[in-house]
Visitor: 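This is the structure I have questions about; it appears just below.
Fair warning: this is a prediction, and the values are worked out from it, not measured in the lab. Order of the sequence lines fixes the chain letters, A, B, ..., with proteins taken first and strands second; residue numbering starts at 1 for each chain.
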Number of protein chains: 2
Amino acid sequence: MKYTLNQDSELSSQIAESIREAIMNGSLLVDERLPSEGELCDRFEVSRSTVREALKRLAAQNLIRTQRGATGGAFVKRISFEDAYPQQITTSTLLLSMNDVSFETACEARFAVERACVPLSAQRCKPDHLATMRAEIHRQTQNGLSDESFCASDVAFHKALVEGAGNPVLTYQLAGAIESMQPLMNMITFSERDRVKIVDLHTKIADAIEGGQAAAADLGLDELANYTMTLADQVRQQRAARKKNME
Amino acid sequence: MKYTLNQDSELSSQIAESIREAIMNGSLLVDERLPSEGELCDRFEVSRSTVREALKRLAAQNLIRTQRGATGGAFVKRISFEDAYPQQITTSTLLLSMNDVSFETACEARFAVERACVPLSAQRCKPDHLATMRAEIHRQTQNGLSDESFCASDVAFHKALVEGAGNPVLTYQLAGAIESMQPLMNMITFSERDRVKIVDLHTKIADAIEGGQAAAADLGLDELANYTMTLADQVRQQRAARKKNME
DNA sequence: ATATTTTAATTGTCAGACATTTAAATGTCT
DNA sequence: AGACATTTAAATGTCTGACAATTAAAATAT
């Protein structure tokens, strides 16, 4: 384990980066124990607070875990998809909301990425994912469902579709794209007619997946993408009109 | 800004989570200043070290930035795609290497996701992305190029392909899938014949993109996916045979 | 008015202490 | 000898107080 500090600003950041590199390049293996805080102080010639701030940075990135007690210490963490998920969602969501990403751009990305899963889902989708899709479709038909709940169910449906591809890497990469769209989707209000149309398309997609018909599912997804964009467009026009009236 | 602590283990983790939620739910807006470390100590009734460890966790997640000096403090950071990128790559890379994700699974995800970009790239690819693709193809034909450099160039080619779609969300989401494959790709050695074949397919794809022919590009990508899988298969068989010989 | 210096607020770092947790070592009883 | 209880030691978690470094604004001097 080699320790070299870059020319960054804060010591804790430099130390964290140094250890991160050691993990990335294989100098530190999974479950290997890092030197104790005291030893790290000696090696980097900094105080314990600084070392601890560095370790907290690494912990926040799921790179290490710490244990207290006699045989405790900081250990290189075997990061799991479950650990990485929430981080990914948080980052994606903030990226969209803080960078004026248009609904079109986000939507395009989402459907493009989902379309990539469809052939695999049609080929391998398991009964329980299909069951989830059906259940969500059913929920979407219920009266009195708030727009937010409808959106949440929509997200759940599409998540199941992606998970149906049975590829954990895809699921991880795409979860962000789909879930982070929810706040944007929540800005749309759905009329009764909209919901019926969406449920129809969801059903069409689920049927196609169940029957292993990738092309049909793709077609359904395409229609859904177009329809969603249309809805967003309406919302934008309504909002623009309202603004004009107020002037 | 509401502060409630969960029943987690470490105080710094609870405090970080509390502030993270305030950012996520809009209580804290972009560029808004957090209370100073001293004030946070009072509000959470903890020492400054604990507050600082919490802030470092948030900084590591690109949620805040800090400034020193009179008008300094911690501010909600407007996370940029550039900031999120490296984090995404690190996480994806470690996920693959630490969880025994098979080459097939990772490869499948990569090509699925790339295929999602092809129609958009064919439609909108800008000259400079195309130029990058051509340049990388050219690099791949040079003699004496190490396997690692070849792989790196391969990654650069595919990154340009994705960027050609002109959708920053797609670029972000997919960068992880593509770049994190590099360590796995590096385990493959390329014969002269392999390289010629790959360069041919890259050229085919670039030509199709340039001509706006999405279907042709998709076909090329499909061939490339199959060929890559075949290569990986060969490597696996060679390795198995070698192992058998040693017994 | 402009340039310079001082000041105050804030984060960054350090040092040392004590609290808490945990496993291993030790001791005690049957 | 084995089972249970106690002690010990090592490690992280937290607290306190101090000083350094940075920076914008206020005060001062030119």
Visitor: At under 4.0 Å between heavy atoms, which parts of nucleotides 6-15 of chain C does protein reach? Answer with one letter per nucleotide, 5' to 3': B base, S sugar-phosphate only, - none.
Guide: ---BBBBBB-

Visitor: Is the closest side-chain donor-acceptor distance between B/Ser12 and B/Arg57 under 3.5 Å?
Guide: yes

Visitor: Between B/Glu136 and B/Ser153, is any side-chain donor less than 3.5 angstrom from a side-chain acceptor?
Guide: yes

Visitor: Would a distance-only check, ignoring hydrogens and angles, find a side-chain to backbone donor-acceptor pair under 3.5 Å from A/Ser18 to A/Gln14?
Guide: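 Not at all, since once roles are kept as given, no pair shorter than 3.5 Å links the two residues.
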
Visitor: If C/dA25 has a Watson-Crick or G-U wobble mate with both distances under 3.5 Å, name it; if not, just say none.
Guide: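 Answer to the pairing question: D/dT6, which forms a Watson-Crick or G-U pair with C/dA25.
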
Visitor: In whole Å, what is the span from the CG atom of A/Leu40 to the P atom of D/dG13?
Guide: 13 Å

Visitor: Of the options A/Arg110, A/Arg139, A/Lys159, which is the one that meets A/Asp154 in a salt bridge (Lys or Arg N to Asp or Glu O under 4.0 Å)?
Guide: A/Arg110

Visitor: Parallel under 30°, tilted from 30 to 60°, perpendicular over 60°: which one fits the rings of B/Phe190 and B/Phe150?
Guide: tilted

